[in-house]
Amino acid sequence: MGRLTFSGLLNSLDGVASSEARIVFMTTNFIDRLDPALIRPGRVDMKQYIGHCTHWQLAQMFRRFYPDQPALEGEKFAKLALDANAEISAAQVQGHFLLHKKDPTGSIDHVDQMKG
């Protein structure tokens, strides 16, 4: 079983082992805990903060996941979701929808059980 070292990771990103014309997405919940060498300019050219979902985002996610549902159901989902928890990530919502894949009503009825 091979082990990846920090040096090996940096080399795979932009050293002799790297390739041209490649886009790498890195995600973290704690950017302040990352080694500065990993996210230095030239290695990471763009940073994008993705915060918690807004009411509008929640309603849109509902409508995209359940396209046959009326827009008002998306609004209802968004309101109930934010009433239950003011800080919801898009990943939490997606996981919740996958649990209720074919049950939009269940998704709304059990919004307070969304995993955090």
Side-chain angles (χ1 to χ4, degrees):
M1 188 178 225
R3 297 190 53 93
L4 180 64
T5 64
F6 186 64
S7 176
L9 172 63
L10 296 180
N11 280 330
S12 70
L13 290 173
D14 61 2
V16 292
S18 69
S19 62
E20 295 295 318
R22 181 176 48 162
I23 297 175
V24 176
F25 289 88
M26 295 187 262
T27 64
T28 182
N29 290 334
F30 306 101
I31 196 166
D32 55 314
R33 295 183 190 174
L34 297 178
D35 189 298
L38 181 63
I39 56 173
R40 69 162 172 74
R43 190 167 284 139
V44 172
D45 296 321
M46 185 173 142
K47 295 177 189 172
Q48 180 66 49
Y49 173 74
I50 301 174
H52 297 107
C53 292
T54 64
H55 179 95
W56 181 86
Q57 290 169 324
L58 291 167
Q60 291 300 311
M61 288 177 74
F62 185 92
R63 291 183 66 197
R64 288 197 176 114
F65 202 86
Y66 305 109
D68 297 336
Q69 294 298 303
L72 284 176
E73 292 296 286
E75 295 294 323
K76 181 178 178 182
F77 172 82
K79 181 184 180 335
L80 291 172
L82 290 174
D83 286 348
N85 184 355
E87 295 182 343
I88 302 172
S89 73
Q92 286 174 275
V93 178
Q94 183 177 356
H96 180 75
F97 288 159
L98 290 173
L99 288 174
H100 303 279
K101 204 180 285 192
K102 298 182 188 280
D103 186 14
T105 303
S107 177
I108 293 171
D109 292 344
H110 301 290
V111 72
D112 60 326
Q113 298 172 4
M114 198 176 313
K115 299 275 189 256

(message) Could you work out, with ring-ring contact (aromatic ring centres under 6.0 Å, His included) as the rule, every residue matching Phe65, not counting sequence neighbours?
(response) Phe97
(message) Test of understanding: clusters of I, L, V, M, F, W, Y form through side-chain heavy atoms closer than 4.5 Å, transitively. Do Leu72 and Phe77 belong to the same one?
(response) no
(message) Holding to side chain to side chain contact (heavy atoms under 4.5 Å, CB included), I want the full list of residues that pass it with Thr28, two or more places apart in sequence or in another chain.
(response) Phe30, Ile31, Leu34
(message) Please enumerate all residues that pass ring-ring contact (aromatic ring centres under 6.0 Å, His included) together with His55, with sequence neighbours excluded.
(response) none
(request) Supply the atom-to-atom distance Ile88 CD1 to Cys53 SG, rounded to the nearest 0.5 angstrom. (result) 7.0 Å
Anything under 3.5 Å between a donor and an acceptor, one on a side chain of residues 104-112, the other on a protein residue two or more places apart or in another chain? List them.
unit_1	atom_1	unit_2	atom_2	d
Ser107	OG	His96	NE2	3.4

(message) According to salt bridge (charged side-chain N to carboxylate O under 4.0 Å, His left out), who are the partners of Lys79, at least two apart in sequence or on a separate chain?
(response) Asp83
(message) Quick check for you: to the nearest 0.5 Å, what is the distance between Gln48 atom CD and Thr27 atom OG1?
(response) 13.5 Å
(message) Taking the side chain as everything from C-beta on, heavy atoms only, tell me whether Met114 gets closer than 4.5 Å to Asn85.
(response) no
(request) Return the set of residues passing side chain to side chain contact (heavy atoms under 4.5 Å, CB included) with Thr5 (not counting sequence neighbours), or none when no residue passes. (result) Ser7
(request) For residues 60-73, pull every pair meeting side chain to side chain donor-acceptor pair (under 3.5 Å), keeping only residues two or more places apart or in separate chains. (result) none
(request) Please go through Ile23's hydrophobic cluster and name the other residues, only I, L, V, M, F, W, Y counting, with side-chain heavy atoms under 4.5 Å joining them. (result) Phe25
(request) Work out which heavy atom in Ala59 is nearest to a heavy atom in Ala78; give both atom names and the distance. (result) N-CB, 3.8 Å
(request) Begin from the C-alpha positions of Leu80 and Lys76 and carry the test side chain to side chain contact (heavy atoms under 4.5 Å, CB included) through to its verdict. (result) CA-CA 6 Å; Leu80 291 172; Lys76 181 178 178 182; 4.0 Å; yes
(message) Same cluster or not: Leu82 versus Ile50, using hydrophobic residues (I, L, V, M, F, W, Y) connected whenever any side-chain heavy atoms lie under 4.5 Å apart?
(response) no
(message) Leu10 vs Phe6, test: side chain to side chain contact (heavy atoms under 4.5 Å, CB included). Steps then yes/no.
(response) CA-CA 6 Å; Leu10 296 180; Phe6 186 64; 3.5 Å; yes
(request) Determine, using the 4.5 Å side-chain heavy-atom cutoff (strictly less than), whether Phe62 and Trp56 are members of one ILVMFWY cluster. (result) no
(message) Quick check: is Leu99 connected to Met61 through a chain of hydrophobic side chains (ILVMFWY, heavy atoms under 4.5 Å apart)?
(response) no
(message) Is it the case that over 12 heavy atoms from other parts of the model lie below 6.0 angstrom from the CG atom of Leu98?
(response) yes
(message) Between Leu38 and Leu9, is the side chain to side chain contact (heavy atoms under 4.5 Å, CB included) condition met? List the steps.
(response) CA-CA 9 Å; Leu38 181 63; Leu9 172 63; 4.0 Å; yes
(request) Write out all pairs satisfying side chain to side chain donor-acceptor pair (under 3.5 Å) with one or both partners inside residues 38-47, taking only residues at least two apart or from two chains. (result) Asp14-Arg40, Asp14-Arg43
